[in-house]
Amino acid sequence: MMTQAINKLLIANRGEIAVRIIHAAKALGIPTVAACSEADMDSQAARLADEVHLLGPARADKSYLNVEALLGALKATGANAVHPGYGFLSENADFAEAVIAAGAIFVGPSPETIRRMGDKAEARRTAQAAGVPVVPGSPGELFDVASALKAAESVGFPLLIKASAGGGGRGIRLAENARQLSEEFPRSQREAQTAFGNGAVYLERFISKARHIEVQVLGDGQHAVHLFERECSLQRRRQKIFEEAPSPVLSPLQRETLCASAVRLTESLGYTGAGTLEYLYDDITGEFFFIEMNTRIQVEHTVSEMITGIDLVQAMLRIAGGEPLGLQQSDIRLNGAAVQMRLNAEDPARDFFPSPGLVEQLLWPNGEGTRVDTHLYQGYRVPPYYDSLLAKVIVHGADRTEALSRARTAVEHTTLTGMASTLALQGELLQQPWLHSADFHTGTLETWLAERRSGGAA
Amino acid sequence: MAESTVITPLPGVFYRKATPESANFVEVGTQVSAYTVIGLIEVMKQFSELTAGTAGRLSAFLVEDGDPVEPGQVVATLNDE
């Protein structure tokens with residue numbers, strides 16, 4: 001095993017996460033290089049880093065996704081480690097491999113692990129091998145009603161009949177019971193044959209009211225621990241908007257079972273660094289099913305930090321520098337509750353159309369338990385070339401009620417002018433009774449947004 | 001022969017085709033209507049169609065495929081023969 005200390009860190013990312021990584025490196029006494037596109041040379045990260053290296057033009061494929069330019073940056077600056085942040089090349093096994101081949105440290109898991117968990121079928125097999133439940137499905141393709149009915153006994157109803165060659169939501173039929181399955185199965189086969197030229201279908205359990213719950217893990221290659229779970233059910237077009245930790249609906253026993261399964265899977269991988277295991281949680285049966293692993297830091301890692309007091313980005317850097325985890329599971333305590341509200345440069349009144357612009361007035365909340373992760377400053381021009389995340393307002397409280405109450409104050413005490421944003425929408429969201437009673441699933445936010453539009457609630 | 005211009009209201013990146021493998025939406029010299037899509041503007045990972053706005057013959061592109069654009073920038077010119 002390579003044990004090499006990090007003496008200079010290249011940040012292969014931008015925006016708020018680049019700033020977040022600089023803070024963590026600073027706390028550990030590691031000098032930083034901000035690798036920036038032409039559009040980001042006056043960014044907050046460029047201002048805060050010890051050095052700035054120009055990667056290339058604004059377009060991401062010519063800068064933040066340009067492996068050659070990033071390897072050039074390593075060479076030119078003498079940095080011996082790369083933190084990829086999230087998005088861009090953070091889950092690109094070839095990039096991780098290239099960094100290692102260049103003699104530097106990739107802050108994250110091994111390229112083999114990234115590749116393995118990036119392949120959905122392989123990730124499912126890995127989870128099953130570690131005894132982690134996955135969404136129940138037929139073991140393979142089915143060719144007649146009798147075998148479908150037999151497979152349905154273990155899959156359970158309601159279930160989906162899915163075309164093997166389908167995708168993007170096409171070629172899917174719902175069956176609530178055996179009678180419907182008998183009727184729908186041949187139809188599905190014919191439909192699949194007509195639509196995709198391949199009549200092969202399989203069965204998968206349908207979870208009508210699923211929550212998205214994910215477990216934060218940290219591993220040093222030998223041991224792994226969890227930092228409890230996050231509830232991220234409030235999504236629009238699969239983009240999370242509002243996240244919290246812990247999940248408001250799990251019992252202590254469910255939490256223990258879920259988090260232990262995540263640690264089991266993480267240890268079976270010999271995982272190094274921070275990772276997240278995503279699960280679907282069935283509100284009706286109380287079952288949870290692994291869906292995928294993200295082998296990087298996530299946008300919403302902050303709420304896990306708030307409830308455990310552990311700095312995840314610092315932990316990633318220490319582990320990458322060869323230090324052991326130095327944490328036992330019993331050292332990690334769940335303290336209170338935290339929520340994160342994403343402020344995006346999007347206009348909710350115009351179907352979330354992007355709204356880059358010049359930051360005019362800017363005032364952040366600073367009440368107790370309140371944290372803001374952002375790359376904005378007054379007079380900063382938000383470039384149109386990258387994602388729309390402007391800031392994350394994160395609030396901690398002794399319990400969920402206090403966290404939500406502080407969140408309302410935090411939103412009221414935030415001023416951001418110069419562009420449309422999701423700030424006011426977060427304020428409105430915090431007034432919804434179903435948010436306070438935690439009565440939601442992954443479809444709730446979109447339903448609410450649609451009702452809000454048609455109901456004329458301005 | 002009157003000239004008119006196609007202006008982008010949005011900042012972002014201008015593309016002349018839907019995907020790197022596709023053909024261009026329109027070629028120089030093509031007759032277009034007000035509703036003809038001449039390109040896409042990518043802003044914060046969302047794509048919006050840019051239409052000609054007026055009918056005419058597309059006489060020139062002032063922006064290359066994949067170039068950054070600013071709001072108000074002239075992307076192409078049209079003339080009405």
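So you know, we letter chains A, B, ... as the sequences are listed, proteins then strands, and number each from 1.
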Is the count of non-hydrogen atoms from other residues, nucleotides or ligands lying under 6.0 Å from B:E49 atom CD greater than 12?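 Incorrect, the count does not exceed 12.
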Taking everything shown except B:E27 itself, do over 12 heavy atoms lie less than 6.0 Å from its CD?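 Check passes, neighbour count above 12.
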Do A:R59 side-chain atoms and B:G66 backbone N/O form a donor-acceptor pair below 3.5 Å?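 Confirmed, A:R59 side chain pairs with B:G66 backbone.
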Given heavy-atom pairs under 4.5 angstrom as the criterion, report whether the side chain, backbone, both or neither of A:A345 touches chain B.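 Contact with chain B: backbone and side chain both.
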Where B:E70 and A:Y385 come nearest, the two heavy atoms and their spacing: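 Looking at all heavy atoms of both residues, the closest pair is OE2-OH, 4.4 Å.
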Heavy-atom pair with the smallest gap, counting every atom of B:M44 and A:P383: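 Nearest pair, atom of B:M44 first, then A:P383: CE-O, 3.6 Å.
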Inter-residue atom distance A:S388.OG - B:K45.NZ, 0.5 Å rounding: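 Rounded to the nearest 0.5 Å, the OG-NZ separation comes to 8.5 Å.
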Side-chain touch B:V43/A:P356, heavy atoms, less than 4.5 angstrom: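 Yes, at least one pair of side-chain atoms sits under 4.5 Å.
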